[in-house]
Amino acid sequence: MSSKSLSLLARDKLERKLELLRHQKINLKQAKQIFQSLGLQEEYLDLVLEGFKFDASELIDYVFDWAWGSHPGKKQDDPTMNTASKVLRDVFYACDADFSGTADKSELAEMLRRYLALAQQWGLPHILEEVNEETVQDFFAEANVDGDDSLSIDEFISHAMLTFQSAVRANRSERRRPSVKNAFSASKAMTGTLDDAVEVAIDDWYMNYWELTGQEQFSLLTQTLSNWSCDSSSGMAIDVTKLKSFFVQVRESYLDNAYHNFQHALSTLHLAFKLVQGSAVTEKLTKQARCALAIGALCHDIGHRGFNNAFEVVSQSDLALRYNDKSPLENHHCARAFEIAIRGPEESRIFHGWKPEKFSSVRKHMVGAILATDMAFHSDKVKKLSTLAELPDDEFFLTELLLHAADIGHTISPLENNLRWGAAVQAEFSAQVSAERSLGVPVSSFMEGMDDPVKAAKSQIGFFDFVITPMFAPLFSLCPDLEQAKKNLAENRAEQVRIAESGAKPAKDSSNISKKSGLSV
């Protein structure tokens with residue numbers, strides 16, 4: 001059984017049918033009927049079901065893991081092998097201390113020790129009978145297909161499974177097979193909690209996004225979710241192992257742009273947290289809305305090419321054609337985020353097991369908020385905001401407003417960060433002008449001349465006066481606790497005025513600003 005054996009329509013119908021059963025009790029006969037309807041081989045039914053009573057939720061999770069596991073199109077021919085694969089992936093991510101996505105020998109040793117402990121606890125066949133320097137060295141040498149100084153997750157799992165298969169065959173002769181109940185326990189063993197990671201100073205307005213370690217980057221997300229109580233809601237439990245894998249997949253999907261890079265995603269997430277904190281709207285937002293805001297901030301520019309929507313349209317890009325010239329970038333960001341979260345590797349499917357109504361709400365908020373980051377809708381938000389006597393209880397408006405404000409929030413960041421982001425924007429402007437000239441399409445005049453400090457400063461002053469201040473001024477009036485952001489905005493504008501009038505360079509060094517961090521994470 002594999003994802004390729006069903007059409008997308010049939011698969012969606014089946015998923016909905018199974019989800020309706022999730023909170024019911026089912027007996028052995030009903031469980032067999034569900035398995036048979038999926039085309040799972042008869043010879044495995046007794047192996048899986050004999051002697052066990054299921055909650056429907058357990059059975060459905062097991063079916064999903066088996067039928068649509070981490071290797072689409074590959075037949076999952078044994079529950080033991082599926083369990084092993086899940087445990088190995090959990091172990092790998094739990095022991096990947098530096099978030100590099102690879103394992104050195106010391107991390108490998110910890111992975112093998114962790115797996116051995118789980119194998120003993122749940123009756124899984126062993127990869128190694130003993131973990132020591134010699135056995136770790138042998139495993140590393142045999143698994144290291146590309147000959148570098150680390151193992152990828154695929155190298156680790158592939159070699160482990162080869163070793164594991166022989167153990168499974170030997171184990172079968174003794175008729176020692178893990179139960180489904182044990183399989184579920186094993187798959188959840190590495191989940192941890194949102195409070196496990198190292199902390200970052202999320203309450204401060206200043207953060208050096210370019211120098212954060214991989215663990216600190218991830219902590220920015222988990223601390224936000226924890227602060228917003230997104231980890232304590234029935235029907236939308238967050239599995240930290242899946243969240244970590246999702247986080248890595250998202251990070252790798254950002255491109256190496258000067259401005260629209262992963263550090264910008266981290267900045268947007270941090271500023272969204274600060275804006276919620278300063279506007280005191282936490283209670284106006286449901287947990288679904290808060291979760292959507294956090295995940296949406298992380299994903300809101302995923303796959304951005306470094307050019308604006310106008311360029312995508314005039315160049316007749318694949319995104320412009322796919323989305324009919326309507327917010328092509330923002331539509332792409334939304335689609336890519338949910339491709340990872342829903343159709344990506346099994347270990348990255350962060351919404352797996354959620355109640356359908358909770359997922360539907362998060363998706364609706366997240367899609368709306370990301371699409372609303374298109375600057376084409378900026379003036380509409382400004383108009384509505386300027387008429388308000390207080391922030392409304394409209395959580396859709398609030399999530400859209402807060403994500404958009406955080407997206408352009410480098411303007412309310414401390415001066416050092418604002419200068420760095422400003423130089424990054426200018427670098428992308430210059431790159432777009434060059435691309436427009438190469439294609440022979442009209443050049444965006446407001447992007448020209450960014451190598452001239454005075455012209456660049458005047459451009460930023462115009463942005464402050466005609467885009468930023470009209471939105472943030474009424475927000476500051478409605479939210480007195482955003483006083484520090486108001487001071488930051490005033491200082492940032494004053495610095496650009498100083499540069500424009502004196503022709504001097506920025507007061508703080510921004511020479512390295514457009515370069516992406518070289519962190520090995």
Side-chain angles (χ1 to χ4, degrees), residues 72 99 101 209-210 214 217-218 220-221 242-272 292-345 347-351 362-363 365-377 400 403-404 406-410 421 424-425 427-429 431-432 435-436 439 514-517 519 521:
F99 281 62
Y209 311 106
W210 301 267
Q217 292 175 348
F218 185 58
L220 179 56
L221 174 60
K242 291 185 186 300
L243 185 64
K244 180 177 178 181
S245 176
F246 173 79
F247 178 87
V248 172
Q249 293 280 334
V250 168
R251 183 177 63 184
E252 292 177 352
S253 297
Y254 272 83
L255 304 183
D256 193 16
N257 301 314
Y259 179 82
H260 291 97
N261 52 40
F262 189 64
Q263 281 69 39
H264 169 62
L266 296 174
S267 170
T268 303
L269 173 60
H270 178 217
L271 292 171
L293 181 56
I295 302 298
L298 184 74
C299 300
H300 81 284
D301 272 335
I302 188 172
H304 200 292
R305 286 101 174 270
F307 305 121
N308 63 13
N309 276 329
F311 179 86
E312 296 289 339
V313 171
V314 75
S315 65
Q316 299 177 357
S317 74
D318 57 327
L319 297 185
L321 295 177
R322 182 177 304 142
Y323 297 112
N324 301 309
D325 298 344
K326 295 181 179 180
S327 304
L329 286 170
E330 290 73 23
N331 273 292
H332 176 57
H333 306 325
C334 283
R336 187 73 189 97
F338 282 99
E339 283 172 0
I340 296 172
I342 299 175
R343 298 291 183 248
E347 66 272 13
S348 300
R349 299 179 186 180
I350 57 174
F351 302 119
V362 168
R363 175 166 165 78
H365 281 91
M366 192 167 150
V367 169
I370 293 177
L371 291 180
T373 61
D374 186 346
M375 288 299 295
F377 306 122
E400 292 175 12
L403 183 55
H404 176 54
D407 187 23
I408 57 177
H410 66 277
W421 286 125
V425 170
E428 281 197 9
F429 280 5
Q432 178 163 326
E436 288 168 341
L439 292 175
S514 64
K515 297 180 181 179
K516 191 175 181 180
S517 171
L519 287 173
V521 293

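The two residues Ala335 and Tyr323 make their nearest non-hydrogen contact at CB-OH, 3.6 Å. Nearest heavy atom pair, residue Phe246 against residue Leu298, reads CE2-CD2, 4.4 Å. Counting all heavy atoms, side chain and backbone alike, Val313 lies closest to Pro328 at CG2-CG, 4.5 Å. The shortest heavy-atom contact between Gly306 and Glu428 is O-OE1, 3.3 Å. Contact detail for Gly296 and Met366: the closest heavy-atom pair is CA-CG, 3.9 Å. Closest non-hydrogen pair, Glu400 versus Gly368, comes out as CG-O, 3.7 Å.
In this structure, Trp421 and Tyr209 have tilted ring planes: the angle between them lies in the 30° to 60° band. Between Phe307 and Phe311, the ring planes are tilted. Angles from 30° to 60° get that label. Ring pair His333/His304 is parallel by interplanar angle, where below 30° counts as parallel and above 60° as perpendicular.
Side chain of Arg343 to main chain of Phe338: no donor-acceptor pair is present (N/O by atom type, distance under 3.5 Å, no hydrogens or angles). The main-chain N or O of Lys326 is never found under 3.5 Å from a side-chain atom of Asn324 such that the two would form a donor-acceptor pair. Between the side chain of Ser253 and the backbone N or O of Gln249, at least one donor-acceptor pair lies under 3.5 Å. A donor-acceptor pair under 3.5 Å is formed between the side chain of Asn261 and the backbone N or O of Ala258.
Considering Thr268, Asp407, Leu329, Ile408 as possible partners of Thr373, the one that fulfils the side chain to side chain contact (heavy atoms under 4.5 Å, CB included) test is Asp407.
Taking OG of Ser327 as the reference point, atom CG of Leu371 lies at 6.0 Å (rounded to 0.5 Å). If you take CG on Asn309 and CE on Met375, they are separated by 11.0 Å, rounding to the nearest 0.5 Å. Interatomic distance, NE2 of His365 versus CG of Leu403, reported as 12.5 Å (0.5 Å rounding). The CD atom of Glu339 sits 9.0 Å away from the CD1 atom of Ile302 when rounded to the nearest 0.5 Å. Taking CG of Asp318 as the start and CZ of Arg305 as the end, the distance is 4.5 Å to the nearest 0.5 Å. A distance of 10.0 Å separates CD of Glu312 from CG of Leu321, quoted to the nearest 0.5 Å.
Side chain to side chain, Asn308 and Gln432 meet the donor-acceptor criterion of an N or O pair below 3.5 Å.
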Criterion side chain to side chain donor-acceptor pair (under 3.5 Å) on His300 and His264, from CA distance to verdict: CA-CA 10 Å; His300 81 284; His264 169 62; 3.1 Å; yes

ring-ring contact (aromatic ring centres under 6.0 Å, His included) evaluation trace for Tyr259 with His410: CA-CA 11 Å; Tyr259 179 82; His410 66 277; 5.7 Å; yes

Side chain to side chain contact (heavy atoms under 4.5 Å, CB included) between Val250 and Tyr254, intermediate numbers included: CA-CA 7 Å; Val250 168; Tyr254 272 83; 3.8 Å; yes

Side chain to side chain contact (heavy atoms under 4.5 Å, CB included) assessment of Glu252 paired with Val248: CA-CA 6 Å; Glu252 292 177 352; Val248 172; 3.6 Å; yes

Verdict with supporting geometry, Leu319 and Arg322, side chain to side chain contact (heavy atoms under 4.5 Å, CB included): CA-CA 5 Å; Leu319 297 185; Arg322 182 177 304 142; 3.4 Å; yes

